There are 2 protein chains.
Amino acid sequence: MAQSNSDYSELHVRVAWYYYKAEMTQEEIATRLGLSRARVIKVLDQCRQEGVVSFHINSPFTNCLQLEKQVIDRWKLRDAFIVPAVDPPMINRNLGAAGAQYIERNLSKEETLLGFGWGNTVSLTLKHLSLMDHQKVSMVTLSGGITAYLQNTYREENNPLFKFNSRFHIIPSPLLVSFPNTCRLILEEPEVARIMQLAQLANIVVVGIGPMSANATFTQFGYITSQELEILQKQGGVGDILGQFYDKDGNRLDVDFHNRLVAVSLEKLKTMQHVIGVAGGAHKVEAIKGALRGGYIHSLITDEKTALELVQG
Amino acid sequence: MAQSNSDYSELHVRVAWYYYKAEMTQEEIATRLGLSRARVIKVLDQCRQEGVVSFHINSPFTNCLQLEKQVIDRWKLRDAFIVPAVDPPMINRNLGAAGAQYIERNLSKEETLLGFGWGNTVSLTLKHLSLMDHQKVSMVTLSGGITAYLQNTYREENNPLFKFNSRFHIIPSPLLVSFPNTCRLILEEPEVARIMQLAQLANIVVVGIGPMSANATFTQFGYITSQELEILQKQGGVGDILGQFYDKDGNRLDVDFHNRLVAVSLEKLKTMQHVIGVAGGAHKVEAIKGALRGGYIHSLITDEKTALELVQG
DNA sequence: GAAAAACCATTACAAATGTCACCGTCTGTA
DNA sequence: TACAGACGGTGACATTTGTAATGGTTTTTC
């Protein structure tokens, strides 16, 4: 019954099924399959990690729906998905799970192209996405800086890039380069230009929203020095999307290093089909408001606490 | 934050989210929400029961896929979904879970009409279907005999009939009546005829396959006496779909009580868009083979063990 | 072909989860 | 007012799940 090459996931699917669908205990499963209980535990762990099993929370009537409505109305959004708040260290994990569930349920049967922005939350969303064996999904990045997508993965096989049968199109370049000139040249490279054009066709785009602070992923990655950060703040910057900073009204700042970024421009982002912002946490509220005022995102995924601040502000 | 009337599910969604997505322990959840741990356990139970949370098993590469292919080829099916086998008493539960997951993943974004046949497995499928708040789903029955759909539910609010925002169209009649004449009159009733016509439009139809034995749900419900059963067996009957018996080649038997059934006929079933049979267990193998030979179903959902018998036979 | 690494069973223990019996509170009813 | 019944908290206990240490076996690597 076991198959040579597919043994690995064969076992995983089987264990996951027995545990989550047939509601057998781990001990029963171990006995039945001739494994140690410890092994069953490990396999189940991997199943959750790698999306062999995924949990969906369906609210039949209302949950944060009340709040969702308020946020949608107040900010003229297309859609909002608001999930229960968790404590700070876990916020991004939580939002990643939220983003993934949102995407999964909004995936149509048709061929879909998913666009992904840069950042920790986005990367976590990617991580939580379950392998969708039966769906035709391709993915494309909206910026350079591939490493950021990989930071939250454990091993190679567990890499989101491999989760999809279909293509993963990555802009082959760093996110930020040293000279505007280099940047221009990279953007003109056919291989790069091709992917950025492809990105325009994405059906769903997920972007993170970066706050204006020293502990933002963006600054922590060393893309911005603390002096530069100060300058940006002086110019009224409140946050960034795809590395591009804007003020509280959402106007893109006119700063040097925007010319050194390899990323889809905010202008182009505005023309895309469905841009979803995933962000939350007290320190991001101003950044989110700016993004909303700038009209860069159509839908917002966030947590309760943040959402409350967005409607009360 | 809590809302008067929606308190009930509000809490449920919150607890489920914290447990399954944020991976908090029950104790943490209890503390955070000011509940007893026992309560959290109960709420989680209800969440699983009522589909507030649902588990999906996604096989990235292969699982029983090998077998699925074989079954599809051998019987010229459109699709097959084969899940790990469990021990006899749990078979139907398992198949119900399988049926539900299959439907959920095959639901398109568009308005969908689901048709449901009669029987225990079908009823369990219905029970496992998660409330799909964002999907437009209507349901329609293919036969009389409403009670069968309710046998596996616990309380009123937990009733599948209420799971769907949208309409649930039920043929208002018993499954079997005493005289062919009564039957004819019922079928001519506009209210009945209307729904049976509607059923023709179903995008997906799920039917059970009944075996030819005294402990089949059909006989246990008292629709058939043991003498009648014997007669049917003598005539070559191997199983039934929607109360209609057929022989091993799938030819519908010519027996009296088919004229007393309020159900979509097998002939009409054959013209439907996508008919899915859900059935498994050693005692059903012959019935399933008959159904396959008769061409009554396009796709089959079953378990490994049964599938093996189907390809080896 | 030997050392290193990966894998897995086993065991014992710790933590989380599930069950139960008991109790108080609140609500509707006679 | 009294009483029944639903609900939910509490604490003891049983079961299940998770973790870590040990040791044997297989696979990889040089």
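Keep in mind that the numbers below use all heavy atoms, side chains included, and drop hydrogens, waters and symmetry copies. Bear in mind the structure is a predicted one, so any value in this text is a computation, not a measurement. Lettering of chains follows the sequences in order, A, B, ..., and the numbering in each one begins at 1.
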Rounded to whole angstrom units, what separation is found between the CD atom of A/Glu27 and the C1' atom of D/dT17?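 A/Glu27 atom CD is separated from D/dT17 atom C1' by 10 Å.
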Could you state the CG-P distance from A/Leu44 to D/dT16, rounded to the nearest angstrom?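 Computing the A/Leu44:CG to D/dT16:P distance gives 15 Å.
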Looking at residues at least two apart in the chain, or sitting in another chain, which of them share a side chain to side chain contact (heavy atoms under 4.5 Å, CB included) with A/Ala100?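 A/Ala100 satisfies side chain to side chain contact (heavy atoms under 4.5 Å, CB included) with A/Glu104, A/His128, A/Leu129 only.
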Sequence neighbours excluded, which residues qualify as ring-ring contact (aromatic ring centres under 6.0 Å, His included) partners of B/Tyr18?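 Partners of B/Tyr18 under the ring-ring contact (aromatic ring centres under 6.0 Å, His included) test: none.
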Residues in contact with DNA chain C, drawn from residues 15-25 of chain A - heavy-atom cutoff 4.0 Å: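 Heavy-atom cutoff 4.0 Å gives no residues at all.
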First and last nucleotide of DNA chain C, 5' to 3', lying under 4.0 Å from heavy atoms of chain B: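 In short, chain B contacts DNA chain C from C/dT17 to C/dT19.
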Output all residues satisfying salt bridge (charged side-chain N to carboxylate O under 4.0 Å, His left out) with A/Arg93, sequence neighbours left out; order by chain, then residue number.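 With sequence neighbours excluded, A/Arg93 shows a salt bridge (charged side-chain N to carboxylate O under 4.0 Å, His left out) to B/Glu23, given in chain and number order.
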Please identify each residue that fulfils salt bridge (charged side-chain N to carboxylate O under 4.0 Å, His left out) with B/Asp79, with sequence neighbours left out.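 For B/Asp79 there are no salt bridge (charged side-chain N to carboxylate O under 4.0 Å, His left out) partners, ignoring immediate neighbours.
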Contacts of [X] that satisfy side chain to side chain donor-acceptor pair (under 3.5 Å) - sequence neighbours left out:
X	result
A/Tyr20	A/Arg48
A/Ser213	A/Asn215
B/Lys21	A/Gln101
B/Asp73	none

What nitrogen or oxygen pairs link the protein and nucleotides 8-11 of chain D at under 3.5 Å?
{"unit_1": "D/dG8", "atom_1": "OP1", "unit_2": "B/Arg39", "atom_2": "NH2", "d": "2.9"}
{"unit_1": "D/dG9", "atom_1": "OP2", "unit_2": "B/Ser36", "atom_2": "OG", "d": "2.8"}

Inter-end axis angle, the helix from C/dG1-D/dC30 to C/dA30-D/dT1, with every axis fitted to five base pairs (rounded, 10 degrees):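 Result, rounded to 10 degrees: 40°.
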